[in-house]
Amino acid sequence: MKILVTGGSGLVGQALKEEVVGSEHTWIFSNSGICDLREFSQVLLYFGTRKPDYVVHLAANVGGLFKNLEHNVEMYEDNMLMNFNVLRACHQLKITNCLCILSTCIFPNKTLYPINEAMLHNGPPHDSNSGYSYAKRMLDIHCKLYNDKHGYNYKCLIPTNLYGKHDNYSIENGHVIPGLIHKCYLESSSNKVNKWVNVWGTGKPLRQFLYVNDLARVIISSIDNTTWQKETTSMIVAPTEEISILSVSSTIGKEFGLKNIKLHPEKSDGQYKKTADNSLFKKHFSDFEFTPFEKGIKETCMHFIRNYSDVRK
Ligand code: NAP
Ligand code: GDP
C-alpha cells in the first residue's frame, strides 16, 4: 500500500519514520513546505499527484498550554482548515482510508473520570485550549459523517500528552517536557551558584505521558490490523499511570544533575487532570508494552543534549 503521512517533520512524524523502517508499505512523508494543508487547491493537487491508498493525518498547529492561551484563534483556524481540507480531498479523490490524531486535551473540562471515547462532545473543553479543541472535535464528527454516508474507513487515535526526541523545545510555546528539558539544560550549563528546576504552576496537575514511538507503533498496527476500527471511530491511546508535573520535573532535573525545584505558582496550571480510560485500547492491544517513563525521558534528554544546536527551539 502507498501511505501518505501529513506532519512528517514533527514529533510524531519523525518517530513514525523511525518505526516504519523495514515496513512492507511505501511511505511518503510531507510537511508544510511540500504542501500547505490550509490551502485546499494545494492539498488536492498534492494528494492527487501522489495517489495514496491511505492517508495518516498527523499535521496540526500544536503547542503547549502557554501557546494555546496566547493563540487560541490561530489554533482554531489553522486546524479547522487543515483537517477540513485533508478529509475533503480524501473524499474527492476517493481515498477511503484515513487515520487522524486527536488528543485527550480536547475532552470536556467538567467531566467524570476516567474520560472515555463516548464523552468527547459532552461539554465545553478547558478555556485555555478551546480553539485547538473544537477544531479537533470537528475532525471526529467529519470522519463519522463520511463513514456513515459513504462507508469509508476514516478513524482517529486519541493519544494523551506525547513526548520524545523530535519535540518542539521552545520554552514559551512547547509542551511541559521539552520546556523543562530546555530550561534544565540552560540552568545546568550556567555559571549560577544555586541552580534550580524552574517549574511553572503549582506542580500539582497530573498527566499520562506517552512516549511518541509507542504511538507510532500503534499507528502502524492500526493500518494492518483494523479490529478496533470495526468497533469505534476514535480510540484513546494512554498508559495507565498518571504522573504529577512535580514528579516529572524531578525526573528531568536528575538527568541534568539538578535537585532543587522552584515552583512558579503565578503561572497557569491549565487543566488539573484529564485521566483517560485505556480499556478499549487494552482490549485491542492486550500485549502492548509502553516504554517506561524514566527510559523515555533519558532517551529524550540524551537526544536533546547531543543535538542541541539542531533541535527545534
Ligand atoms: P509538531 O511536532 O508540532 O509537528 C507538526 C507537523 O504539522 C509538522 O510536520 C508541520 O510541518 C505540520 N504542519 C503544521 N502546519 C502545517 C500546514 N499549514 N500545512 C502542512 N503541514 C503543517 O506536532 P506533533 O506533536 O508531531 O503532533 C502530531 C499530531 O499529534 C497532531 O495532530 C497533534 O494535534 C497530535 N497530538 C500531539 C500531542 C503532543 O503532546 N505533541 C498530544 C496529543 C495529540 P512543518 O515542520 O513544515 O511546520
Ligand atoms: P497541557 O497538558 O495541554 O496542559 O500542556 P503542557 O504540556 O503545556 O503542560 C502544562 C502543565 O505543565 C501545566 O500544569 C503547566 O503549569 C506545567 N508546566 C510546568 N513547567 C512548564 C513549562 O516549562 N512549560 C509548559 N508548557 N508547561 C509547564
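Atoms within a ligand are numbered from 1 in the order they appear, just like the ligands themselves.
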Out of V176, V197, N129, whose heavy atom is nearest to atom 21 (C) of ligand 2? V176
Atom 26 (N) of ligand 2 - nearest protein heavy atom and its distance: G174 O, 3.1 Å
Is there a polar contact, in the sense of an N or O pair closer than 3.5 Å, between [X] and ligand 1?
{"X": "L58", "result": "yes"}
{"X": "H166", "result": "no"}
{"X": "M82", "result": "no"}
{"X": "S32", "result": "yes"}
{"X": "N61", "result": "no"}
{"X": "S30", "result": "no"}
{"X": "R312", "result": "yes"}
{"X": "S9", "result": "yes"}

Which atoms from ligand 2 have a heavy atom of P205 less than 4.0 Å away? 14 (O)
Quick check: does R207 get an N/O under 3.5 Å from an N/O on ligand 2? yes
Is G63 close enough to touch ligand 2? Criterion: a residue heavy atom under 4.0 Å from a ligand atom. no
Residue-ligand contact Q14/ligand 1, heavy atom below 4.0 Å: no
